[in-house]
*Asks:* 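My structure is below; once you've seen it, I'll send some questions.
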Amino acid sequence: MTGKRVRHILDTIAGMYPDAHCELHHSNPFELTIAVLLSAQCTDETVNKVTADLFRKYNKPEDYIAVSLEELEQDIRRIGLFRNKAKNIQSLCRLLLEKYDGEIPRKHEQLVELPGVGRKTANVVMSNAFDVPAIAVDTHVERVSKRLGLADPDDTVLQVEQKLMKKVPREEWTQTHHRLIFFGRYHCKAQNPGCGVCPLLDKCGEGKLRLKTVVKRKSIK
DNA sequence: CTCCCGATAT
DNA sequence: ATATCAGGAG
């Protein structure tokens with residue numbers, strides 16, 4: 001993996017998605033944290049549908065702990081994994097009020113201590129809400145990075161993050177993160193990736209292999 | 001590693 | 001019917 005090849009990949013996805021951005025609706029760091037927590041194993045679109053009403057009903061940490069656990073569970077039910085997430089949100093809000101005066105902290109070490117907030121969510125909050133360069137490795141970033149050879153197939157998400165940070169200039173981390181997500185979500189999809197019309201096909205071993213398989217299937221029929 | 005889990009696409 | 005979706009905790 002040469003630096004020139006990395007540059008070519010970054011420039012190509014930059015051309016495809018010049019203004020890739022966070023698609024989770026939010027108006028402050030607290031709302032962003034709640035939205036990202038809710039987004040685990042769920043599409044952004046579904047999260048936005050739920051938070052549209054949720055953020056109208058709940059504004060501050062106090063609001064989330066003022067209701068019963070069961071009521072909050074019902075308010076986020078459509079997201080899935082709602083029992084874990086409702087419990088985490090209430091624990092998160094109590095901890096914010098106890099230790100941080102109800103505000104979302106800025107440091108990575110503080111963020112990952114929050115209930116329901118892991119490394120990926122912490123990186124999203126840091127980069128999107130506080131403008132700290134970070135590469136949050138979600139399912140799309142992991143899949144795309146491995147397909148394009150930016151990481152190895154057996155790498156953990158942490159290893160993928162470290163390899164991307166090493167290969168991508170720091171000032172491009174956050175934007176690259178968003179472009180990799182857009183590329184994975186709208187083009188290099190998990191089930192039906194658009195290999196046939198992919199500008200990175202010649203740089204993608206899996207894409208070529210995948211096209212052969214498709215041709216084979218067609219010829220078998 | 002398993003479990004949590006409803007909505008959507010294929 | 002099955003895979004997948006901006007993961008995290010035990």
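Letters go in sequence order (proteins before strands), and every chain restarts at 1.
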*Asks:* When the distance from CG of A/Asn84 to P of C/dC5 is rounded to whole Å, what number comes out?
*Replies:*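 Taking atom P of C/dC5 as the reference, CG of A/Asn84 is at 19 Å.
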*Asks:* Looking only at atom P, what distance separates B/dA7 and C/dG8, rounded to whole Å?
*Replies:* 22 Å
*Asks:* Starting from P on C/dG8, measure out to CG on A/Asn123 and report it in whole angstrom.
*Replies:*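 Value for this atom pair: 9 Å.
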*Asks:* Is there a side-chain contact between A/Ser39 and the phosphate of C/dG7, meaning an N or O under 4.0 Å from OP1 or OP2?
*Replies:* no
*Asks:* From the set C/dC5, C/dA6, B/dT8, return the single nucleotide nearest to any side-chain atom of A/Lys49.
*Replies:*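 Given the options C/dC5, C/dA6, B/dT8, the side chain of A/Lys49 is closest to B/dT8.
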*Asks:* Where the side chain of A/Thr46 is concerned, which of C/dG7, C/dA6, B/dA7 is the nearest nucleotide?
*Replies:*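 Nearest nucleotide to the side chain: B/dA7.
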*Asks:* As a test of reading the structure: which of C/dA3, C/dA6, C/dG7 is closest to the side chain of A/His177, going by heavy atoms?
*Replies:*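 So the nucleotide nearest the side chain must be C/dA6.
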*Asks:* In terms of the nearest nucleotide of DNA chain B, which residue is placed more toward the 5' end: A/Leu81 or A/Asn192?
*Replies:*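 Its nucleotide being nearer the 5' end, the pick is A/Leu81.
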*Asks:* Is the shortest side-chain N/O distance from A/Arg119 to OP1 or OP2 of C/dG7 below 4.0 Å?
*Replies:* no
*Asks:* Rounded to whole angstrom units, what separation is found between the CG atom of A/Asp44 and the P atom of C/dC5?
*Replies:*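 One finds 12 Å between P of C/dC5 and CG of A/Asp44, rounded.
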*Asks:* Rounded to whole angstroms, how far apart are CZ on A/Arg143 and P on C/dA3?
*Replies:*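 Spelled out: CZ on A/Arg143 to P on C/dA3 is 16 Å.
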*Asks:* Between A/Lys189 (NZ) and C/dC5 (P), how many Å, whole number?
*Replies:*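 Atom-to-atom, A/Lys189 to C/dC5, this comes out as 11 Å.
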*Asks:* Parallel, tilted or perpendicular for A/Tyr186 and A/Phe182, by the 30°/60° rule?
*Replies:*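 Correct class here is perpendicular.
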*Asks:* CZ of A/Phe82 versus C1' of B/dC4: gap in Å, rounded?
*Replies:* 10 Å
*Asks:* Between C/dA6 and B/dT10, how far apart are the P atoms? Round to whole Å, please.
*Replies:*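 After rounding to an integer number of Å, I get 13 Å for this pair.
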*Asks:* Using modelled atom types only, decide if a donor and an acceptor are shared between the side chain of A/Asn48 and the backbone of A/His25 within a distance under 3.5 Å.
*Replies:*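 Side chain of A/Asn48 to backbone of A/His25: a pair is present.
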*Asks:* Quick check against the 3.5 Å criterion: does A/Arg94 have a side-chain atom that pairs as donor or acceptor with the backbone of A/Ile65?
*Replies:*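 No.
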*Asks:* Mind checking if A/Val157 touches a base, just sugar-phosphate, or nothing, with heavy atoms under 4.0 Å?
*Replies:* nothing
*Asks:* Phosphate oxygens OP1/OP2 of C/dA6: is one of them under 4.0 Å from a side-chain N or O of A/Arg185?
*Replies:* yes
*Asks:* For A/Leu114, which contact category applies under a 4.0 Å heavy-atom criterion: base, sugar-phosphate, or nothing?
*Replies:*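 Here A/Leu114 touches the backbone only, sparing every base.
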*Asks:* Using heavy atoms to find the nearest nucleotide of DNA chain C for A/Asp138 and A/Pro115 separately, return the residue whose nucleotide is more 5′.
*Replies:*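 The 5'-side residue here is A/Asp138.
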*Asks:* Grab the CG-C1' distance between A/Asn88 and C/dG7 for me, whole Å please.
*Replies:*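 Taking atom C1' of C/dG7 as the reference, CG of A/Asn88 is at 11 Å.
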*Asks:* How many Å lie between CD on A/Glu113 and C1' on C/dA9, as a whole number?
*Replies:*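 That distance rounds to 15 Å.
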*Asks:* If you find the nucleotide of DNA chain B closest to A/Gln191 and the one closest to A/Arg77, which residue's nucleotide is nearer the 5' end?
*Replies:* A/Arg77
*Asks:* Of A/Val36 and A/Val112, whose closest DNA chain C nucleotide lies nearer the 5' terminus?
*Replies:*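 The 5'-side residue here is A/Val36.
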*Asks:* Is the distance from OP1 or OP2 of C/dC5 to the nearest side-chain N or O of A/Thr139 less than 4.0 Å?
*Replies:* yes
*Asks:* Dump the intermediate steps for salt bridge (Lys or Arg N to Asp or Glu O under 4.0 Å) on A/Glu142 and A/Lys120, then the final yes or no.
*Replies:* CA-CA 11 Å; A/Glu142 180 181 7; A/Lys120 178 253 168 181; over 6 Å; no
*Asks:* Donor-acceptor pair, A/Glu103 side chain versus A/Pro29 backbone, under 3.5 Å?
*Replies:*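 Not a single qualifying donor-acceptor pair exists.
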*Asks:* Of the candidate nucleotides C/dA3, C/dC5, C/dG8, which contains the atom at the shortest distance from the side chain of A/Thr43?
*Replies:*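 Selected nucleotide (nearest to the side chain): C/dC5.
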*Asks:* Can any side-chain N or O of A/Lys146 pair as donor or acceptor with the backbone N or O of A/Pro153 at less than 3.5 Å?
*Replies:*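 Flag set: sc A/Lys146 to bb A/Pro153 pair under 3.5 Å.
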*Asks:* Identify whether any heavy atom of A/Leu37 sits under 4.0 Å from a base atom; if not, whether one sits that close to sugar-phosphate; answer base, sugar-phosphate or nothing.
*Replies:* nothing
